[in-house]
Amino acid sequence: MKRFKIAVLAGDGIGPEIMAEAKKVMMAVKSNFNIYWTFNEQLIGGASYDKFGTPLTDDVLDEVFRSDAVLLGAVGGPKWEAIEYDLRPERALLKLRKELQLFANLRPAKIFDSLISASTLKSEVIEGVDIMVVRELTGGMYFGEPKGIEALPNGTERGFNTMVYTTDEIERIAVVAFEVAKMRGEKLCSVDKANVLEASELWRKVVTNVSADYPEVELSHMYVDNCAMQLIRNPKQFGVIVTENTFGDILSDEAAMLTGSIGMLGSASLGPNRNRAMYEPIHGSAPDIAGQNIANPIGMILSTAMMLRYSFNLDRAAVIIENAVEAVLKKGLRTKDIMYEEAEGVREVTCSEMGDAVVEELVRILSTIEPDTEDQSAKFAPDAREL
Ligand code: NAD
């Protein structure tokens, strides 16, 4: 029996609605994979502020440290926009990322065949796209010192930031990216601006050095401006992309939007060891549709698949969840946000109906396969290297 304690932080807006569906999915896979889940449900964001006056209490942080992984819905909303900056719901996320040292952000951009028409690109360009962007999350220009705005003698001002990376910071994100590429059996493209920036020059050198440990992964390098263009021109050329914080912020949004839908994608943020990881959909708390049972739970459900894969090495369970989602879309079920076409067999469903349909499909798939008794408790490789 594999026992996993999950910190379940549903948060605000649609967070609790989509989290309920993700939990149904996790319960549906547990018997076949011999899992015993403990859900440790805690308040975060605006919900925590309303009750405790802070978006993340120390008690919740302690619970997070005692858990094997964190599942997060979303935080924020207009209700909390006017409060002091340090107490805003979004500060809870930054604190969690910092405390857990979540330095690697994995953002997939996968197009589901049934939703090709949702993309703004031509179907022949987008069909089969399945990219993973690995973004460095705790270094680079967003955190580099010195930074600030200072007054100049001529009465104007000067704003400045510093893009800075150390060998260790680059090495650890490169290892995660190579491991992900190895797991997916794909090539790795490292994106930088080494023709202009010294920080990128070091980035390229260190990534190349790390590649010596991964002869099975084909490494290429690309300048960030070219990558932004290539993602639109021919996204299928990419498997895994690894890049620094600022470039990753922009490119991962660009890649995600190739798929045409914000409600469909999950993400993982990984720290230096196995029980330092957080999984969440890429979208926010969608206050405009909260409480109506019309949100799309798929991004949240696919985040749980990522958790099974990257925190618990249960790749087979993750694939089965992904296949169940694909099957439900193929059947024509759509939440409001992905209701693009009026075709025969295509029908609109609620958030909970979508969750139920995924569970139903999961149960059907699981009934056709042998229960998994194999011990897959080996850790995701970056942890094994004790970074
Ligand atoms: P958003 O992602 O919440 O919503 C953007 C649009 O997408 C809205 O029209 C929304 O209805 C729709 N949408 C998002 N997720 C959906 C889903 N699962 N199903 C159907 N439709 C969906 O972004 P926003 O409106 O800019 O931000 C709203 C709040 O969320 C803000 O307070 C913001 O700070 C916060 N936010 C939180 C996170 C997070 O918790 N990680 C991320 C981004 C924004």
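No hydrogens, no waters, no symmetry mates; every other heavy atom, side chains included, goes into these values. First listed ligand is number 1; within each ligand, the first listed atom is number 1.
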Worksheet entry | Nearest option to atom 21 (N) of ligand 1, as decided by whichever heavy atom of I338, N296, I289 sits closest |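 Among I338, N296, I289, the closest heavy atom to atom 21 (N) of ligand 1 belongs to I289.
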
Discussion item. On a heavy-atom basis, I'd like to know which of S267, G45, A286, P287 is closest to atom 12 (C) of ligand 1.
Written reply: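 Closest candidate by heavy-atom distance is A286.
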
Practice prompt. Give a yes or no on whether a salt bridge exists between R91 and D86, defined as a side-chain N under 4.0 angstrom from a carboxylate O.
Written response: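 Judged by the 4.0 Å cut-off on N to carboxylate O distance, R91 and D86 do form a salt bridge.
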
Can you confirm whether something in the protein, heavy atoms only, sits under 4.0 Å from [atom]?
atom                    : result
atom 30 (O) of ligand 1 : yes
atom 25 (O) of ligand 1 : no
atom 3 (O) of ligand 1  : yes

Cation over ring, [X] on [Y], under 6.0 Å and within 45°?
X    : Y    : result
R158 : F160 : yes
K236 : F238 : no
R172 : F103 : yes

For ligand 1, indicate whether the residue [X] contacts it via side chain, backbone, both or neither (heavy-atom separation under 4.0 Å).
X    : value
D288 : side chain
D337 : side chain
I294 : neither
E90  : side chain
T335 : neither
E81  : neither

Item to complete: Please report which non-hydrogen protein atom sits nearest to atom 40 (O) of ligand 1, along with the residue it belongs to and the distance in Å to one decimal place.
Response: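 In this structure, atom 40 (O) of ligand 1 has V75 N, 2.9 Å as its nearest protein heavy atom.
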
Worksheet item: Looking at atom 15 (N) of ligand 1, what's its closest protein heavy atom, distance included?
Response: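 Its nearest protein heavy-atom neighbour is H283 CG, 3.1 Å.
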
Short list, please: which atoms of ligand 1 are under 4.0 Å from a heavy atom of [X]?
X    : result
G76  : 32 (O)
L93  : 39 (C), 40 (O), 41 (N)
A74  : 40 (O)
G77  : 32 (O)
I262 : 2 (O), 7 (O), 13 (N), 14 (C)
A295 : 19 (N)
E280 : 41 (N)
G284 : 1 (P), 2 (O), 3 (O), 30 (O), 36 (N), 37 (C), 38 (C), 42 (C), 43 (C), 44 (C)

Could you give the side-chain donor-acceptor pairs of residues 203-210 under 3.5 Å, partners two or more places apart or in another chain?
unit_1 : atom_1 : unit_2 : atom_2 : d
W203   : NE1    : S190   : OG     : 2.9
R204   : NE     : D192   : OD2    : 2.9
R204   : NH2    : D192   : OD1    : 3.0
T208   : OG1    : R204   : O      : 2.6
T208   : OG1    : H221   : NE2    : 3.2

Worksheet item: So F39 and M26, side-chain contact (heavy atoms from CB on, under 4.5 Å) or not? Walk me through it.
Response: CA-CA 10 Å; F39 295 138; M26 287 165 70; 3.2 Å; yes

Discussion item. Applying the side-chain contact (heavy atoms from CB on, under 4.5 Å) criterion to V134, which one of T243, I173, L188 satisfies it?
Written reply: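 Answer to the side-chain contact (heavy atoms from CB on, under 4.5 Å) test with V134 among T243, I173, L188: I173.
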
Discussion item. Less than 6.0 angstrom separating the ring centers of Y36 and F4, yes or no?
Written reply: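 No, too far apart.
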
Item to complete: Go through the steps for I232 and L258 under the test side-chain contact (heavy atoms from CB on, under 4.5 Å), then give the verdict.
Response: CA-CA 8 Å; I232 301 295; L258 295 174; 4.1 Å; yes

Worksheet item: Is the number of heavy atoms from other residues, nucleotides or ligands under 6.0 Å of R347 CZ greater than 12?
Response: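 Count not over threshold, so no.
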
Worksheet entry | Nearest-0.5 Å distance that lies between atom OG in S269 and atom CD in Q101 |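 Here the rounded value is 13.5 Å.
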
